[in-house]
Amino acid sequence: MTTPDTMFKRIVDDASRPDPYPLYAELRRTPVARQEDGTFLVSTYHEIVALLHDPRLSSDPHNREDAPPDLSAEAGLAPAFIRMDPPDHDRLRAQTMRLFGPPHNPARVYGMRDELTRISTGLIDGFADRYDGGERIDIVDEFAYPFPVTVICALMGVPRDDEHLFKEWADALIQTLDPRLDPGLQRQAMTEMGQYMAALIGRHRQDPGDDMLSGMTAEGLLPPETLVTTAIMLFIAGHETTVNLITNGMLTLLRRPEVLDRLRREPELMPGAVEELLRYEPPVHMLSPRGALADIEVAGVTIPKGASVVLVLASGNRDPKRFRDPDVFDPAREDNQHFGFGSGVHSCFGAPLARLETQIALTGLIRRLRDPRLVADPPPYRSNPRLRGPEHLFIEHG
C-alpha cells in the first residue's frame, strides 16, 4: 500500500521512469509530504514557487541535518556557487554570468545562432542518408548528446580533440544527483575533471582566446580553485539538461504527429513549443534537497529547521490549480510560467542557450526527417530520477 510517506520510493523506482506523472498527481493530494527518512516532498505549484523565493530555504548542503559527504572538498575543489546562498552565491553567479550571456553579454549566446545551426545541420547530415535508406538512428547518441557538448566546448574553449573525455566524467558526476547511489563512486571523476580544468585554465592564461575560460581567467575575479569548480559546473549544466530537453521534445512530437506537422509548416511556433516542452516534459524533475534554516510552515505543515526539502518541479508543472488542462501538450499555451529552468535566485543561468539550442535542434530534425516513427514506445530511460530523459531514442523512416 502506498502512503504519502512512501511516495519518494515509488517515484525514484526505475519502473516509474517512463511515466511518473500519475504518481505526481497522487502526490499533489498531500502538497507537503514527509517521507520515512524525514525528507519533505513539496509537489504543488504555488507552494513550490513560494519556497523557491524563500530565503529560509538553503542550497548549502551543510544546512541539512542529513548533510551528504562533500565530494568537492574530498576532490580538492572549492564549492560551486549553486551550492551556496546569498550573498556569496549572488557575487559568484554575477561574475560568471557577465561572460556567459544575457543580460550582461547577450551577444555571447544570441550571436551563436548561425554557428549553432551549422553544428546542428552537420550532425543531421551525418545520419540523414542512413535514415532515408531505412536504417534506424538513435537521436540521443547521434544528435541530442553531441550537439550541446560541441556547443559548450566551443563556448568554453575546450579543444575538440578533448570532447570525448567529458562524456565519461559527465555521466559519473550526474550520478551524484541520483539519491540511491553511493556518492563516493563519483569522487574519481570529479578529481580527474578538476585536474583537467586546472591544466586547461593554465593554457588559456598563457594563450588566451575568445572564449569564456580565457575571459574569466583574464578578469581574475575568481580565485583559481573557484574558477576550476565553476568551469566544471558550467560544462555539466551547459549540456546535460539540453540533452534531455531535445530528446524529450522529439519524443513528445513523435507521439503527436499532428503537432509535429504543424511545427514543420509553421516553424515560427517553435519558441512557444519549447516553452511548453519545458513545462510538459522538463529535463529536471526535482531539485537536489535543500535545507530549512528555520521552521517553515507550508500548506499547514511545519517543516522543521534542518530538515531536507525536495521540490518536485515536474509535479508543479502539471498542477491543475495553476495550469488549465495540464496533461495536454499545447504548443500555443499562454501564461506558461513553468519550472523548466527553476525560479528565484538559483534559476538556470544557461536558460537562453538551452532554449536557442532546442529551438534550432527540433526545427532541424523535423524539417529533415520525413515520416519519422518510434522504434519503441516507451523508449529505454536513464535511471536518474531527477534528470529524466530517454537513454536512447531510436527512430526509423515510417
Side-chain angles (χ1 to χ4, degrees), residues 52-53 55 57-63 70-73 75-112 148-149 151-158 166 169-170 173 176 190 193-242 284 287-288 290 293 341-357:
L52 284 170
H53 293 262
L57 201 63
S58 171
S59 294
D60 186 341
H62 296 96
N63 289 318
D70 191 337
L71 292 184
S72 295
L77 301 174
F81 67 74
I82 58 172
R83 295 289 180 261
M84 297 180 181
D85 298 324
D88 292 337
H89 163 272
D90 298 349
R91 174 178 54 83
L92 293 175
R93 176 184 169 115
Q95 290 170 353
T96 303
M97 287 191 68
R98 287 182 61 246
L99 290 167
F100 183 79
H104 306 284
N105 188 3
R108 172 72 73 176
V109 170
Y110 299 138
M112 294 182 68
V149 166
V151 172
I152 194 64
C153 284
L155 188 64
M156 294 181 62
V158 174
F166 286 88
W169 289 334
L173 293 181
T176 63
M190 189 172 291
M193 198 170 185
Q195 293 170 345
Y196 173 89
M197 283 296 185
L200 181 62
I201 289 168
R203 296 203 299 269
H204 280 281
R205 183 176 291 111
Q206 295 177 352
D207 185 18
D210 184 23
D211 56 78
M212 277 197 66
L213 280 183
S214 293
M216 295 169 69
T217 301
E219 285 198 343
L221 296 177
L222 299 177
E225 62 275 10
T226 301
L227 181 55
V228 169
T229 302
T230 301
I232 294 174
M233 180 190 64
L234 286 174
F235 178 82
I236 300 298
H239 86 278
E240 187 61 35
T241 55
T242 309
V284 179
L287 297 180
S288 297
R290 297 187 175 184
L293 295 175
F341 291 120
S343 186
V345 297
H346 287 281
S347 60
C348 178
F349 57 82
L353 178 60
R355 283 186 167 103
L356 185 59
E357 286 177 313

Can you give me the closest heavy-atom contact between [X] and [Y], atom names plus distance?
X	Y	value
Leu77	Ile232	CD1-CD1, 3.8 Å
Pro79	Met84	O-CE, 3.5 Å
Glu357	Pro148	OE2-CA, 3.6 Å
Ala354	Thr242	CB-OG1, 3.7 Å
Pro55	Leu293	O-CD1, 3.5 Å
His89	Phe81	CD2-O, 3.1 Å

Stepwise, does the side chain to side chain contact (heavy atoms under 4.5 Å, CB included) test hold for His346 with Leu287?
CA-CA 11 Å; His346 287 281; Leu287 297 180; over 6 Å; no
Scan residues 210-236 for pairs that pass ring-ring contact (aromatic ring centres under 6.0 Å, His included), counting only residues two or more places apart or in two chains.
Phe166-Phe235, Phe235-His239
Between the side chain of [X] and the main-chain N/O of [Y], is any donor-acceptor distance below 3.5 Å?
X	Y	answer
Arg93	Val345	yes
Thr217	Leu213	yes
Ser58	Asn63	no

Taking it one step at a time, do Gln95 and Leu92 satisfy side chain to side chain contact (heavy atoms under 4.5 Å, CB included)?
CA-CA 5 Å; Gln95 290 170 353; Leu92 293 175; 3.8 Å; yes
Hey, is Asp88 close enough to Arg91 for a salt bridge, meaning N to O under 4.0 Å?
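Here Asp88 pairs with Arg91 in a salt bridge, since their nearest N and O are under 4.0 Å apart.
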Would you check, one step at a time, whether the test side-chain hydrogen bond (donor to acceptor under 3.5 Å, both in side chains) holds for His53 with Ser343?
CA-CA 7 Å; His53 293 262; Ser343 186; 2.8 Å; yes
Close side-chain approach of Leu155 and Met212, heavy atoms under 4.5 Å:
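Leu155 vs Met212: side chains touch.
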Any side-chain donor near an acceptor of the partner, His204 and Ser214, under 3.5 Å
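Short answer, yes.
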